[in-house]
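Both ligands and their constituent atoms are indexed starting at 1 by order of listing.
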Amino acid sequence: MKSMLVILAAAFTLSAQAQREASVRIYPEQGKQVIDKNIYGQFAEHLGSCIYGGLWVGPESDIPNVQGYRTDVLEALKKLQVPVLRWPGGCFADEYHWMDGIGPKENRPRMVNNNWGGTVEDNSFGTHEFLNLCELIGCEPYVSLNVGSGTVEEMAKWVEYMTAEDGPMAKLRQENGREKPWKVKYIGVGNESWGCGGSMRPEYYADLYRRYATYCRNYNGNQLFKVASGASDYDYNWTKTLMQQVGNRMHGLSLHYYTVLGWDGSKGSATDFTDEDYYWALGKCLEIEPVMRKHIQIMDEYDPKKQIALLVDEWGTWWDEEPGTIQGHLYQQNTLRDAFVAALTLNVFHKYTDRVRMTNIAQIANVLQAMVLTDGDKMLLTPTYHVFEMYKVHQNATYLPLDVICDKMEVRDNREIPMLSVSASRDEAGKIHISLANVDLKQSETVCIDVSNLRLKTINGRILTAPEIQSHNTFEHPDVVKPIPFDDFQLKEGKLQVRMPAKSIIVLEINAQ
Ligand code: AHR
């Protein structure tokens, strides 16, 4: 069974039908690929209030905290089972000098965050604060190193500082209060080196990568996984050049893809949008699949054994900044539309786990498509958070191929979107999880899942929906969009009939023998 998703075009008859129908067939016996848990990775940049105010308030703060980390955010992130966290940027990474962020706080120099609003950064959150946070929430760190404005020596010493047991950098770390090295596997050698990371041509960056990466050493058994700065969206030449000229000197190559309405001018409001805007966003978000495929095809030419991973280490929605917020801080609200972008994108990633082994949504708090928003001592969970929480059951589970037959719709910019998105996996305990998204704003959908090859014991479900696609959580009303139990399904002649309301995301858990 090669094709995992077959979408048959049915006429788009929005007005005529009372409700839609779709069918799904899952092939549990064909499951081979494991959905790397790192597909559910996060990204935290020194940008706006992602770090300061979002994750970190400092130990002296009145806001409840554990060693300076917000207690409410820590708890929320633990529940999410964040597998990996990328830091300190983004664009910030290529202007970051790590030595400014170690040692006594009062001695740390200040700097201007040139990329993000010219805010003055006091470096109170540095290497120790980041790596200790990862230990607290139980995730792997992914450290983005400075190629754009840093030296090879500076980069080499940072790796030594974090991971060596002995030597001058280990001694400095110990003087700063950390005896044992941290475990740091993932390092990014530059970020967006074609843009904010140095405006380089791919040939020049390829040479720089080779030079910088040479001096990132494996100390005391710590094995680095080195990621080269990859392409943006449709820049296939960048991927080709890197594959040709860097090849297996890198363990991974990145890709950035945002659901964004162009880079100039208005990107559109996060909360005030039309139905057409919503469908456009889903079309743009789903275009990540053909884009990824093309990058993967190029990688396959040079690396048919798929040894080099593709890491989509920035993705998500990018809307206008909320009115009244600081320009350059990229603070945006998060509606049910964002939840759909998350659900559909994750369903796509699951299909490519033989090549795509990590992705990092941008960003974890208060920036772009965030998991949490904070305001002083208040915190809310976004609709996107709830998708990540509902979908966490897919982490490290075996991807199950499936066919989908459903209607599809033509949307702006000559794109076509299926009205149903589905993914399935089997976890280590044998439970099957099916995530389904009915993207239709008006019509419910009866989804017929062929389960004749399964002996079902129990089925549970949860649903995420809301009165409007613009619905979102606020500090005053934090639970407008949140998952609730779902049981509108029945078993009939070997078929599980699931009645999905319009604009709903459902995760089913099936216990089978
Ligand atoms: O996530 C915000 C920014 O988007 C990152 O700093 C940069 O890498 C990308 O352009």
**Message:** So if I apply the salt bridge (charged side-chain N to carboxylate O under 4.0 Å, His left out) rule between Asp277 and each of Arg412, Lys267, Lys284, which one comes out positive?
**Reply:** Arg412
**Prompt:** For Cys91, is at least one N or O under 3.5 Å away from an N or O on ligand 1?
**Reply:** yes
**Asked** If you measure from atom 1 (O) of ligand 1 to every heavy atom of Phe92, Trp116, Tyr258, which option wins on shortest distance?
**Response** Tyr258
**Prompt:** Side chains of Val372 and Ile364: closer than 4.5 Å at any heavy-atom pair?
**Reply:** no
**Request:** For Phe43, counting its heavy atoms only, list the atoms of ligand 1 lying under 4.0 Å from any of them.
**Result:** 1 (O)
**Request:** Give yes or no for whether the N/O distance cutoff of 3.5 Å, strictly under, is met between Asn191 and ligand 1.
**Result:** yes
**Request:** Look at the aromatic rings of Phe130 and Trp87 and report parallel, tilted or perpendicular, splitting at 30° and 60°.
**Result:** parallel
**Request:** Run down the list Glu45, Glu192, Glu314 and name the one with the heavy atom closest to atom 4 (O) of ligand 1.
**Result:** Glu314
**Request:** Assign the ring pair Tyr161 / Trp98 to parallel, tilted or perpendicular, where the plane angle (0 to 90°) is split at 30° and 60°.
**Result:** tilted
**Prompt:** At under 4.0 Å between heavy atoms, which part of Trp315 makes contact with ligand 1: side chain, backbone, both or neither?
**Reply:** neither
**Prompt:** Quick one: does ligand 1 sit under 4.0 Å from the side chain of Leu368, the backbone, both or neither, non-hydrogen atoms only?
**Reply:** side chain
**Request:** With heavy atoms only and a cut-off of under 4.0 Å, state how Asn115 meets ligand 1: side chain, backbone, both or neither.
**Result:** neither
**Request:** Show the numbers, then the answer: is there a disulfide (SG to SG under 2.5 Å) between Cys196 and Cys91?
**Result:** CA-CA 6 Å; Cys196 63; Cys91 297; 2.2 Å; yes
**Complete:** Atoms of ligand 1 under 4.0 Å from any heavy atom of Gln363, numbered from 1 in the order shown, are 1 (O), 2 (C)
**Asked** Quick one: does Met250's side chain get under 4.5 Å of Lys226's, heavy atoms only?
**Response** no
**Message:** Below 30° counts as parallel, above 60° as perpendicular, anything between as tilted: where do the rings of Trp318 and Trp263 land?
**Reply:** perpendicular
